[in-house]
Novice: 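Below you'll find the structure I mean.
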Amino acid sequence: YSAGRGTRWVLARVVVEEQSATKAPVKTVTATPVSARLSPVRMRLSRFQTQYAQKHGVPPAVENSLGMRFVIIPPGEFWMGSPRNEMYRETDEAEHRVRLSRAYYMSVHETTNGQFRRFRPDHDSGEYGLNSLDRDDLPVVRVDHADAVAFARWLSEASGREYRLP
């Protein structure tokens, strides 16, 4: 895992509880096959995700009723930020170790205008120069933090699953 300049942060994730004798099983949702067109680095991560999912009896990828695809992010550690010697490094990009203690699902793509409009039908992403940003298949823009939280809450209530911002 890495996060740095150019990383796209996603809108929502679904928390995954491990199955055990004391917990109810995770509901089965539509599993999405892992793509064979991924880069070799991504394929290693995908194999790790698939192996983790098989071991814990959960799907490696799921899709919700809005067509949002999510992949499992297993627990583990990674370095986040930029090394001190990286060109154009900002002061808030200090390299540090991050530990994920629980698995969760994270969306593969940004939330689209079409998906967001299921929540707020009158949303308008506007335009940039002469280009419309408002097509249903484009990522939703001009959404503030409160709107993103409200969208995640709406998804949670509509689906019975917990959605939240990363």
Novice: Which heavy-atom pair separates A152 from Y163 by the least distance, and what is that distance?
Specialist: O-CB, 3.6 Å
Novice: For R135, enumerate each residue passing the side-chain hydrogen bond (donor to acceptor under 3.5 Å, both in side chains) test, keeping only those at least two apart in sequence or located in another chain.
Specialist: D137
Novice: Is the count of non-hydrogen atoms from other residues, nucleotides or ligands lying under 6.0 Å from H145 atom NE2 greater than 12?
Specialist: no
Novice: Check Q115 against E110 and note the closest heavy-atom contact, atom names and distance.
Specialist: OE1-O, 4.1 Å
Novice: Is it true that L138 and V143 fall in one hydrophobic cluster, defined by side-chain heavy atoms closer than 4.5 Å?
Specialist: no
Novice: Using side chain to side chain contact (heavy atoms under 4.5 Å, CB included), reason through D147 and F116 one step at a time and then give a plain yes or no.
Specialist: CA-CA 10 Å; D147 289 335; F116 191 78; 4.2 Å; yes
Novice: Please round to the nearest 0.5 Å and tell me the distance separating atom OH of Y104 and atom CZ of R164.
Specialist: 9.5 Å
Novice: Looking at every non-hydrogen atom in both residues, tell me the closest pair between H96 and A94 and how far apart they are.
Specialist: ND1-O, 2.9 Å
Novice: Quick one: do W154 and R118 satisfy side chain to side chain contact (heavy atoms under 4.5 Å, CB included)? Show the steps, please.
Specialist: CA-CA 10 Å; W154 174 79; R118 297 279 299 273; 3.8 Å; yes
Novice: Going by the rule side chain to side chain contact (heavy atoms under 4.5 Å, CB included), which residues pair with S125 if we only count those two or more places apart in sequence or in a different chain?
Specialist: N113, H123, L133, D134, V140, V141
Novice: Cluster partners of L130, using ILVMFWY side-chain heavy atoms under 4.5 angstrom, listed by chain and number?
Specialist: none
Novice: List the residues meeting side chain to side chain contact (heavy atoms under 4.5 Å, CB included) with E95, not counting sequence neighbours, and say none if there are none.
Specialist: W79, P83
Novice: Apply side chain to side chain contact (heavy atoms under 4.5 Å, CB included) to A150 and list each qualifying residue two or more places apart in sequence or on a separate chain.
Specialist: F119, R153
Novice: Keeping the roles fixed (side chain from Q49, backbone from P60), state whether a donor-acceptor pair exists under 3.5 Å.
Specialist: no
Novice: Check whether any side-chain N or O of S107 sits under 3.5 Å from a backbone N or O of F70 as a donor-acceptor pair, and report yes or no.
Specialist: no
Novice: Which is it for L155 and L66 under the side chain to side chain contact (heavy atoms under 4.5 Å, CB included) test, yes or no, and what are the steps along the way?
Specialist: CA-CA 9 Å; L155 275 175; L66 296 182; 3.5 Å; yes
Novice: What are the two closest non-hydrogen atoms of A103 and P74, and how far apart are they?
Specialist: CB-CA, 4.2 Å
Novice: To the nearest 0.5 Å, tell me how far M80 CE sits from R97 CZ.
Specialist: 13.0 Å
Novice: Tell me every residue that passes salt bridge (charged side-chain N to carboxylate O under 4.0 Å, His left out) with R99, counting only those two or more places apart in sequence or in another chain.
Specialist: E77
Novice: With rounding to the nearest 0.5 angstrom, report the CE to CG distance, M106 to L100.
Specialist: 8.5 Å
Novice: Nearest 0.5 angstrom please: M87 CE to S82 OG, how far?
Specialist: 13.0 Å
Novice: Could you tell me which residues satisfy salt bridge (charged side-chain N to carboxylate O under 4.0 Å, His left out) with D124, sequence neighbours excluded, listed by chain and number?
Specialist: none
Novice: Between S132 and E127, what is the shortest heavy-atom contact and its length?
Specialist: CA-CB, 3.9 Å
Novice: Stepwise, does the side chain to side chain contact (heavy atoms under 4.5 Å, CB included) test hold for T112 with D136?
Specialist: CA-CA 6 Å; T112 65; D136 280 350; over 6 Å; no
Novice: How long is the gap from CG on L165 to CZ on F151, to the nearest 0.5 Å?
Specialist: 10.5 Å
Novice: Supply the atom-to-atom distance R47 CZ to Q54 CD, rounded to the nearest 0.5 angstrom.
Specialist: 12.5 Å
Novice: Nearest heavy-atom pair of P75 and F48: which atoms, and what distance?
Specialist: O-CZ, 4.5 Å
